Amino acid sequence: MRLISCYIAGFGTIRDRNFIFKPGLNAILEENGWGKTTFCVFLKAMFYGMEYSRGTKTLHERQRYEPWDGGSYGGSLVFATGEKEYRIERSFGHTDKSDRFSLIDLSTNQQSSDFSDQIGEELFSVDRESFEKSIFVPQNALDTGITDSMNAHMGRGSRVNRDDVTHFEEAIASIENQIRDYNRNSKTNTGRLRLLQQKISLKQELADRIPATQEAARAAEERLLEKKSQLHQLEEQKKALNDRVTEQVKREQALGAFRQKRQQLAESEKELEKYQTFFAKGIPSPEAMEEVTDADHQLAVREKELEELRAKVPKEAYVTDLMKLFPEEIPTPGQFAAWSREAAHLKDLRIQQSYAVMSEEDRDQLAELREYFLVKNPSREELDLISSEINNLASCTGRVSELTKQSEELERSREEKIADRHSESGFGLSLVTGLIALVLVLGGGAFLTLYASGGGFIRQILGLVFVGAAVVVAVGGFSGQRRRQSAYQQVLSDLDQEIEQAREERQEAVKRRDASRKICIDFLSLFPEDEQSMQQHLTEIRIKKENFDRLTAAEARAIDNSAGAVEELANASMRLYTQLQPYADSYEMDLYHEFNEEALLQRLQEDAQAYRDYVTARGQVENLEEQVMGWRKAIGDFLADYPLTEKSRHERIAQIRRNMDRLADLTGRVEELRKEVSEEEGEVIQVSEGQSVEELQREQALLDASVVELTQVISDLKDDWTNLLEELQDYEEAGDEARDLREQETGMLDNVRILELTRDYLNRARESYLARYMGPLQDNMQGYLEILGGRAMAERPERFTLDIDLNPKLIYKEQQKRGEFLSAGYHDLIALAARFALVDTIFSRDQPMVILDDPFNNLDQDKVKRALAFLGQIAGRRQLVYLTCHPSRMPAESGTVPF
């Protein structure tokens with residue numbers, strides 16, 4: 001899988017930018033704030049969409065990367081997989097429901113159904129979290145971790161469920177903690193088993209006290225029974241004394257009751273005389289009282305009715321207005337019903353007319369759109385064609401840039417070859433060869449001259465050898481020069497062919513680019529634009545085209561619906577307003593301009609009903625006033641015969657009734673008391689000659705004190721006995737608890753044995769799992785560490801490994817330490833090696849691109865060089881997108897071309 005190019009319409013701080021990717025390493029150097037992290041998140045969002053969290057209070061990813069200027073949110077990405085190339089187009093909204101996704105097959109430039117909007121999971125076979133922990137390396141987040149989706153890849157048919165066997169170290173440590181929790185013998189934090197054994201010892205100590213406590217409880221019970229017997233004797237004496245006191249009290253009370261009865265008779269006779277004076281003119285009969293009570297009730301009802309009717313009568317000013325409003329007659333309910341129907345019909349006509357007319361805003365917008373599409377009203381097919389040309393223009397522009405760079409590199413290589421040729425010592429070599437040949441020729445000539453002058457045969461031979469050697473040297477030097485010249489010319493010829501081919505391809509790409517640009521410019525120039533990209537301009541034309549078609553259709557519907565509605569509305573208004581105008585004048589209402597006939601009818605109906613109610617209430621008030629006056633006179637004549645003190649009429653009647661009842665009661669009471677006093681006067685009541693009540697009560701007080709004292713003694717003895725019984729019960733319960741705790745002790749010992757067996761089993765399972773599951777991953781990581789760290793890493797005394805969650809660990813002298821013991825630089829090197837080892841393990845068949853957002857900011861210069869060399873080495877078998885903000889962390893050349 002390989003990235004080809006991308007276009008960012010709007011994403012965070014990046015707007016309207018294109019990027020071209022090449023195979024291998026693509027490095028981008030930009031200053032802080034440019035948007036490197038934004039660029040990386042954009043690439044991830046093209047495959048996986050944007051995250052959205054409704055309930056969180058923090059800024060989520062969708063909000064963080066929304067364009068700051070409020071423009072388009074999204075872009076496109078071109079990539080290749082297998083033999084096909086695709087373009088992903090995504091736009092984002094405030095929620096995932098408003099997102100839009102499109103996949104274009106570039107071989108047909110049509111929508112493709114090869115992948116859905118979940119293309120990331122379908123293409124890489126891992127979810128978003130696994131993508132972020134493997135091939136997507138955010139800034140300051142080199143550490144990775146294992147996920148279920150990764151397990152599915154790494155298991156390959158023998159998948160180990162991470163939720164079932166994960167965290168071996170934590171599980172074993174937890175079991176060790178539980179075993180220590182049972183057996184710990186610390187004074188400050190004693191283990192559960194040790195605490196239980198201490199409890200057993202304490203409970204057994206309490207159980208041993210049972211025999212002595214049982215003996216003490218029996219002795220306390222005997223003392224308690226003895227004191228209870230003494231208390232029973234005192235209670236009997238107290239009861240006999242109480243009987244004597246009761247008898248003496250009854251005799252003394254009888255004498256007191258006779259004296260009280262004579263006093264009551266005198267008081268009753270005095271009160272009877274007062275009520276007899278009240279009824280000096282005679283006591284009314286029960287029938288008369290019933291009649292006056294009923295009359296009072298009826299009068300109260302009539303007075304309330306009269307008050308309510310008077311409240312209903314409108315005020316005089318309002319009545320005067322009603323008489324002016326209805327000088328002759330009040331409109332009938334039938335007239336009101338007819339007028340209401342007419343008003344409702346008018347309302348329907350106005351609504352129909354309002355629906356038949358376009359709004360002023362729509363008319364203005366339609367006029368603007370007609371001016372916009374005055375030159376040309378494009379079809380949807382034309383817009384789709386221009387969209388395809390814009391995409392082709394972007395692709396061709398990138399191709400031209402790439403071929404331009406390729407041509408420049410080939411020409412620079414040709415110039416370097418020519419410069420190298422000129423700098424070679426070919427002329428010097430030829431000169432040396434010539435000099436050697438000349439020396440040999442001169443030497444050979446000298447020997448031949450000596451031979452000619454009478455020298456020996458050897459001189460002739462030497463002369464010929466020297467001349468032959470000169471010929472050989474000259475021919476060899478000339479032949480070597482020819483071979484070097486031929487090879488040099490062949491290299492130049494090959495470079496010239498490559499340069500010519502690159503130029504021809506560039507010219508062809510320029511032609512295609514210029515043709516697409518002309519088509520786009522010719523079309524887009526027909527429509528006004530604000531400074532914006534071609535893609536944004538085309539999008540604006542599409543939106544305005546949709547609004548223009550919608551408003552044109554709405555205008556046609558409005559013309560069809562409005563015919564005849566105005567004339568019918570005018571006729572209906574005239575019919576109704578002619579009848580209602582006199583009332584409208586009274587209310588000072590303008591029907592023809594305010595269209596308030598419904599409000600007028602409602603007010604008119606209310607006033608008509610108020611006038612009817614006034615006429616009816618006025619007659620009822622006059623009738624009730626006459627009845628009330630008669631009732632008041634009759635009741636007043638009845639009450640005048642009695643000296644009443646109450647103020648209200650109802651309370652005076654009640655006072656007469658109460659006095660009648662009291663007079664009857666007193667009469668009977670006086671007769672009864674006179675009879676009882678007469679019967680008891682002849683009896684002589686004498687008090688017994690024995691002790692008086694006061695003396696008997698003093699004797700009772702002494703006896704009560706003895707009872708209280710003895711009761712307290714019994715209470716104390718009872719408390720002692722109860723406490724002994726409770727202690728005995730506690731000791732017996734302690735014995736039972738000791739037996740139960742021994743059973744718990746047996747269970748805890750069994751748990752400890754099970755935990756120890758489980759710990760041993762998990763250790764064996766962990767070793768087996770790591771050998772089968774983590775072995776390849778560890779080997780890959782070690783290979784990458786050797787490349788990254790070099791000799792310094794190999795010579796370190798500790799070894800590096802990973803746990804099941806891919807957390808870096810170090811082993812020093814057979815002791816394992818957490819990754820926090822490492823420096824930040826070494827920690828990042830190990831994490832980087834683990835990342836690429838994980839990618840190798842997960843994607844062993846089809847290597848995806850890897851995105852790195854400035855991951856080396858914690859490394860020193862030497863480690864940065866090794867890390868960059870490492871990237872260059874692995875870029876031969878996978879595509880890398882590397883971003884950084886500092887030149888010291890930049891590879892020798894950049895492979896990504898923004899335009």
Side-chain angles (χ1 to χ4, degrees), residues 1-9 14 16-28 39 43 46 75-89 102-110 112 382-416 492-525 532-539 849 875 879-881 893-899:
M1 184 269 167
R2 179 172 60 88
L3 302 180
I4 298 176
S5 66
C6 72
Y7 168 71
I8 304 179
I14 304 177
D16 193 22
R17 294 293 302 273
N18 287 279
F19 294 88
I20 304 297
F21 302 96
K22 72 170 187 178
L25 177 61
N26 294 263
I28 298 176
F39 179 72
L43 296 179
M46 287 296 101
S76 62
L77 175 68
V78 179
F79 70 96
T81 180
E83 300 297 328
K84 301 183 71 173
E85 293 184 0
Y86 299 91
R87 183 175 68 254
I88 300 172
E89 297 178 353
S102 177
L103 182 67
I104 307 298
D105 186 339
L106 295 185
S107 63
T108 62
N109 207 28
Q110 299 292 325
S112 173
E382 289 177 304
L383 294 174
D384 292 338
L385 178 61
I386 295 303
S387 176
S388 176
E389 290 295 338
I390 290 174
N391 293 328
N392 188 50
L393 173 60
S395 178
C396 290
T397 302
R399 182 60 177 165
V400 168
S401 178
E402 182 179 356
L403 290 172
T404 300
K405 182 179 179 181
Q406 182 179 352
S407 297
E408 292 174 353
E409 290 177 350
L410 290 172
E411 289 177 356
R412 186 164 54 253
S413 178
R414 187 178 188 279
E415 291 173 358
E416 291 174 355
L492 290 183
S493 176
D494 293 342
L495 286 173
D496 288 339
Q497 290 180 1
E498 292 182 9
I499 292 171
E500 184 64 25
Q501 182 180 358
R503 287 175 177 172
E504 290 176 357
E505 291 181 1
R506 181 182 181 280
Q507 290 175 356
E508 182 63 26
V510 168
K511 289 179 181 179
R512 292 198 302 272
R513 181 196 65 187
D514 294 343
S516 296
R517 179 184 286 117
K518 184 177 185 306
I519 293 172
C520 295
I521 292 175
D522 290 345
F523 178 82
L524 296 175
S525 63
Q532 55 187 347
S533 68
M534 289 184 178
Q535 189 68 43
Q536 292 173 328
H537 192 184
L538 180 61
T539 302
M849 78 292 176
Q879 187 181 40
L880 303 177
V881 179
E893 59 183 60
S894 173
T896 301
V897 182
F899 68 95

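Please read all numbers here as calculations on a predicted model, not as lab measurements.
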Main-chain N/O of Asp522 paired with Ser525 side-chain donor or acceptor, under 3.5 Å: yes

Partner residues of Glu382 under the salt bridge (charged side-chain N to carboxylate O under 4.0 Å, His left out) criterion, sequence neighbours left out: Lys376

Tyr7: partners by ring-ring contact (aromatic ring centres under 6.0 Å, His included), with sequence neighbours left out: none

Backbone of Lys22 reached by a side-chain donor or acceptor of Asn26 within 3.5 Å: yes

Separation of Ile390 CD1 from Ile519 CD1 (nearest 0.5 Å): 11.0 Å

Heavy-atom side-chain contact between Val881 and Phe21 under 4.5 Å: yes

Residue list, side-chain contact (heavy atoms from CB on, under 4.5 Å) with Thr108, at least two apart or on another chain: Asp105, Gln110

Thr397 backbone acceptor or donor facing Ser401 side chain under 3.5 Å: no

Verdict with supporting geometry, Asp496 and Arg414, side-chain contact (heavy atoms from CB on, under 4.5 Å): CA-CA 8 Å; Asp496 288 339; Arg414 187 178 188 279; 2.4 Å; yes

Partner residues of Glu500 under the salt bridge (charged side-chain N to carboxylate O under 4.0 Å, His left out) criterion, sequence neighbours left out: none

Contacts of type side-chain hydrogen bond (donor to acceptor under 3.5 Å, both in side chains), residue Ser102, not counting sequence neighbours: Gln111

Sub-6.0 Å ring centroid separation between Phe39 and Phe19: yes

Atom pair CG (Leu410) and CG (Asp494), whose distance is rounded to the nearest 0.5 Å: 11.5 Å

Pairwise distance SG(Cys396) to NZ(Lys511) - rounded to 0.5 angstrom: 13.0 Å

Asp514 bridged to Arg517 by N-O distance under 4.0 Å: yes

All side-chain hydrogen bond (donor to acceptor under 3.5 Å, both in side chains) counterparts of Gln879, not counting sequence neighbours: none

Atom pair OG (Ser5) and CG (Leu77), whose distance is rounded to the nearest 0.5 Å: 7.5 Å

Beyond-backbone contact of Met534 with Ile521, side-chain heavy atoms, under 4.5 angstrom: yes

Test side-chain contact (heavy atoms from CB on, under 4.5 Å) applied to Glu505 - qualifying residues, sequence neighbours left out: Arg399, Leu403, Gln501

Set of residues satisfying side-chain hydrogen bond (donor to acceptor under 3.5 Å, both in side chains) with respect to Asn391, sequence neighbours excluded: none

Residues that Arg506 engages under salt bridge (charged side-chain N to carboxylate O under 4.0 Å, His left out), provided they are two or more places apart: none

Min side-chain heavy-atom separation Val78-Tyr86 under 4.5 Å: no

With Ala80 via side-chain contact (heavy atoms from CB on, under 4.5 Å) - residues at least two apart: Arg2, Ile4, Glu85

Residues forming a side-chain contact (heavy atoms from CB on, under 4.5 Å) with Glu411, sequence neighbours excluded: Ile499, Arg503

From SG (Cys520) to CD (Glu389), nearest 0.5 Å: 5.5 Å

4.5 Å side-chain heavy-atom contact, Asp16 and Ile8: no

Gap separating the OG atom of Ser413 from the CG atom of Leu492, nearest 0.5 angstrom: 9.5 Å

Residues in salt bridge (charged side-chain N to carboxylate O under 4.0 Å, His left out) contact with Arg87, at least two apart in sequence or another chain: Glu89

